[in-house]
2 protein chains.
Amino acid sequence: MRSTVKDVAARAGVSPKTVSNVVNGLVPVSESTRAKVEAAIAELDYIPNLSARGLRNGRSGVIALALPDLGTPYSAEVAHQIVEVAHEQGWSVQLEETGHDPHRELDLVSKARANLIDGLILNPIALDVSAIRTGGNLPPVVMIGEVEQHQVDHVGVDNFSAARDMTLALAAGGRRRIAILGTTENRRTATANIRTMGYRQALDDLGIDHDPHLEIACDEWIPGGSARALGNYLRENQLPEAIFCFTDSLAIGALSVLHLEGHRVPQDVLIAGFDDIDHGQFAVPALTTISFDKRALAEEVMRLLRGRMADRKREPVQLTLPYQLISRASSAAH
Amino acid sequence: MRSTVKDVAARAGVSPKTVSNVVNGLVPVSESTRAKVEAAIAELDYIPNLSARGLRNGRSGVIALALPDLGTPYSAEVAHQIVEVAHEQGWSVQLEETGHDPHRELDLVSKARANLIDGLILNPIALDVSAIRTGGNLPPVVMIGEVEQHQVDHVGVDNFSAARDMTLALAAGGRRRIAILGTTENRRTATANIRTMGYRQALDDLGIDHDPHLEIACDEWIPGGSARALGNYLRENQLPEAIFCFTDSLAIGALSVLHLEGHRVPQDVLIAGFDDIDHGQFAVPALTTISFDKRALAEEVMRLLRGRMADRKREPVQLTLPYQLISRASSAAH
DNA sequence: TTGAAAGCGCTACCAA
DNA sequence: TTGGTAGCGCTTTCAA
């Protein structure tokens with residue numbers, strides 16, 4: 001049988017309250033009592049029951065992280081940073097995949113309200129199906145990724161400008177037939193929309209007519225999806241001069257199919273991605289991309305979340321992280 | 001103020017126990033009372049407090065998944081499958097990174113014993129620093145990955161045979177100078193050890209003398225680590241005829257540095273990886289690797305974990321999943 | 001500085 | 001089928 005505060009108290013000859021004081025270390029306890037209690041804890045192998053503590057305190061020490069697709073390298077890097085920062089600050093992280101089922105976001109909000117998690121980090125794909133739309137009684141939540149809303153705290157990068165910058169960079173050598181890969185047809189994603197807007201803005205800045213044939217759709221943001229999409233595209237269309245892929249994973253699929261079809265990167269076509277995942281730098285050729293500090297993202301998210309937990313009524317904060325365009329071989333002018 | 005069973009009971013004119021029966025749906029409840037209770041729940045926006053339920057039932061509905069390094073694509077794919085299967089079976093997943101700090105494994109065991117998590121899925125790197133060594137009062141735990149132990153349930157693939165098979169496959173065209181990349185010097189990892197053993201066994205089978213210079217060390221199992229390690233190696237050593245990298249991530253770093261140094265894969269050197277991560281298939285050239293069904297891994301792990309939770313005294317089960325050697329362009333004979 | 005008692009919200013037990 | 005009561009293990013009053 002598991003031992004409880006009572007057992008420890010009896011063994012140490014003190015009251016349960018004193019044991020609690022020793023364990024939590026907030027109230028001063030005399031050295032001799034502390035020693036007795038600690039000895040009893042060790043002898044009985046006492047471990048505080050966190051469910052009981054959670055019930056009593058109304059806090060569980062757990063936050064949840066909800067990402068659209070956990071299987072991708074990008075998710076892994078974000079999860080890694082969040083778990084690390086949360087851990088340093090004494091929180092555990094519960095992981096959820098919200099991908100194709102908006103109910104899972106709602107479940108999470110519900111679970112937060114059920115006191116099993118103290119807060120929520122949410123990366124929705126499309127705002128219109130997002131749980132935060134339910135309004136009303138929200139738990140502490142911070143959103144990441146591309147969402148246009150002002151109801152809850154948010155941390156992200158300026159995707160519009162980043163996409164515009166990348167398009168301009170690809171056009172720098174005089175190229176005009178610049179394609180994008182990753183627009184979404186069967187699902188509406190805020191990320192794809194806003195990056196498309198940035199791209200179109202750049203074309204506009206350059207005085208290049210917008211050609212809808214250069215916006216290549218790809219619903220699955222994984223290498224297999226983009227390899228298929230670009231492969232099909234190339235069977236019926238001329239090779240663009242440059243392709244701005246909406247994520248590095250898409251770009252890796254693109255590099256693969258271009259290699260197989262005998263097109264040289266960057267000689268025949270420039271390629272760029274977005275996210276700066278670890279593997280991108282080691283792609284063949286190394287991938288030009290948009291980078292931002294994922295550790296900083298995690299830190300800001302946790303800072304906002306703690307702030308929100310402390311004051312649920314505070315005005316929503318919108319935080320924009322700096323990004324960097326990293327030029328590598330896949331877009332090297334020659 | 002949050003409403004409780006009591007509030008709902010009062011509102012519906014029934015007892016708290018009846019509310020509980022309605023919510024949990026285990027005990028039959030008459031249609032009319034059920035309707036009343038459900039109406040009261042809706043009106044009061046009642047949500048059961050999971051901490052209280054956890055305290056009462058002794059179970060939280062949460063399991064923990066501990067991986068050495070969450071930032072890698074491999075971790076992402078494993079986490080994805082575990083979260084999906086666990087979710088289907090009604091569990092939430094807490095994520096932990098145990099990487100370079102054995103204390104984090106111990107913390108987890110402790111947390112499991114503290115009733116905040118019902119079970120533990122553990123992928124230790126080196127058994128000798130693993131929490132399960134503490135013996136005694138373990139929570140339900142299933143280990144994954146390469147560990148030689150028989151104290152707890154385990155699911156993995158036969159790494160020795162897989163490494164031997166891969167080495168033999170690389171040698172099939174008559175190559176004899178076959179290197180491995182990923183042996184570890186500064187930390188002892190069971191995975192590296194057992195794959196090295198399989199490699200040596202294959203050389204023995206082939207009658208090839210074992211050359212320690214062909215065992216290239218790389219402590220960091222990420223592309224950056226292997227690019228650096230192989231880059232340094234090539235400055236002082238002849239290019240091997242084939243390199244068996246201990247993970248796909250290592251192989252991707254190797255492909256990158258070989259490309260930059262002007263070595264052609266597979267013409268000048270064959271490359272193979274291990275794990276079959278999604279990006280490997282789209283590497284340039286596509287990566288030969290060892291594959292296993294990660295969904296099946298997740299299912300077996302959850303099956304064992306549930307079994308262990310039901311019967312903590314059952315004999316430890318060791319489960320071996322089938323693997324497959326997938327030949328792609330990076331090792332194509334020519 | 002320490003103790004006693006009450007209660008967080010839920011469900012299991014026993015009764016009706 | 002439903003109700004009353006007790007208690008999971010902890011911490012927070014209030015007193016001593």
Side-chain angles (χ1 to χ4, degrees), chain A residues 1-41 44-62 110-118 139, chain B residues 1-41 44-62 110-118 139:
Chain A
M1 200 47 214
R2 271 266 295 280
S3 43
T4 73
V5 268
K6 260 187 181 160
D7 304 326
V8 175
R11 179 102 180 195
V14 299
S15 81
K17 166 65 178 154
T18 305
V19 175
S20 172
N21 287 342
V22 170
V23 170
N24 294 295
L26 300 173
V27 179
V29 178
S30 77
E31 203 42 62
S32 62
T33 1
R34 148 161 284 118
K36 275 191 300 185
V37 171
E38 280 170 352
I41 287 176
L44 295 174
D45 191 22
Y46 166 73
I47 294 179
N49 182 315
L50 296 182
S51 288
R53 185 177 286 172
L55 172 59
R56 179 67 244 206
N57 294 340
R59 307 191 316 101
S60 63
V62 180
S110 174
K111 211 178 277 164
R113 302 216 283 134
N115 274 34
L116 201 68
I117 57 185
D118 298 337
Chain B
M1 200 48 213
R2 271 266 295 280
S3 42
T4 73
V5 268
K6 259 186 182 163
D7 303 325
V8 175
R11 179 100 180 198
V14 299
S15 83
K17 168 61 179 154
T18 306
V19 175
S20 170
N21 286 342
V22 171
V23 170
N24 293 294
L26 300 173
V27 179
V29 177
S30 78
E31 203 42 61
S32 63
T33 14
R34 149 161 287 119
K36 276 190 299 185
V37 171
E38 279 171 353
I41 287 176
L44 296 174
D45 191 23
Y46 165 73
I47 295 181
N49 183 316
L50 297 181
S51 289
R53 184 177 287 172
L55 172 59
R56 180 67 244 206
N57 293 341
R59 306 191 315 103
S60 63
V62 179
S110 173
K111 210 176 279 164
R113 302 218 282 134
N115 275 32
L116 202 68
I117 56 184
D118 298 337

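Lettering follows sequence order; numbering is per chain, from 1.
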Nucleotide [N], atom [atom2] - distance to [atom1] of [X] in whole Å:
X: K17(A); N: dG3(C); atom1: NZ; atom2: P; result: 11 Å
X: I47(B); N: dC8(C); atom1: CD1; atom2: C1'; result: 17 Å
X: N49(B); N: dC10(C); atom1: CG; atom2: C1'; result: 8 Å
X: K6(A); N: dC10(D); atom1: NZ; atom2: P; result: 10 Å
X: I41(B); N: dG9(C); atom1: CD1; atom2: C1'; result: 14 Å

Student check: side-chain heavy atoms of I41(A) and V23(A) closer than 4.5 Å: yes
4.5 Å side-chain heavy-atom contact, V62(B) and D118(B):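 They are not in contact (no side-chain heavy atoms under 4.5 Å apart), so the answer is no.
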Sugar-phosphate only, base, or nothing, as touched by S51(B) at under 4.0 Å among non-hydrogen atoms: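 Touches nothing.
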Sugar-phosphate, base or nothing in reach of N115(B), heavy atoms under 4.0 Å: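 Answer is nothing: N115(B) stays at 4.0 Å or more from every strand.
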Check against side-chain contact (heavy atoms from CB on, under 4.5 Å), V37(A) and V14(A): CA-CA 8 Å; V37(A) 171; V14(A) 299; 3.9 Å; yes
Distance below 4.0 Å between R56(A) side-chain N/O and dT12(D) OP1 or OP2: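 Checking dT12(D) against R56(A), no side-chain N or O comes under 4.0 Å of OP1 or OP2.
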Distance test, side-chain N/O of N24(B) to OP1/OP2 of dT11(C), below 4.0 Å: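 So the side chain of N24(B) is within the cut-off, an N or O lying under 4.0 Å from OP1 or OP2 of dT11(C).
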For the student: nearest non-hydrogen atoms of Y46(B) and T4(B), plus distance: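 Residues Y46(B) and T4(B), closest heavy atoms: CE1-C, 3.6 Å.
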Along DNA chain D (nearest heavy atom to each residue), the more 5'-positioned of L55(B) and T33(B):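 The residue whose closest nucleotide sits nearer the 5' end is T33(B).
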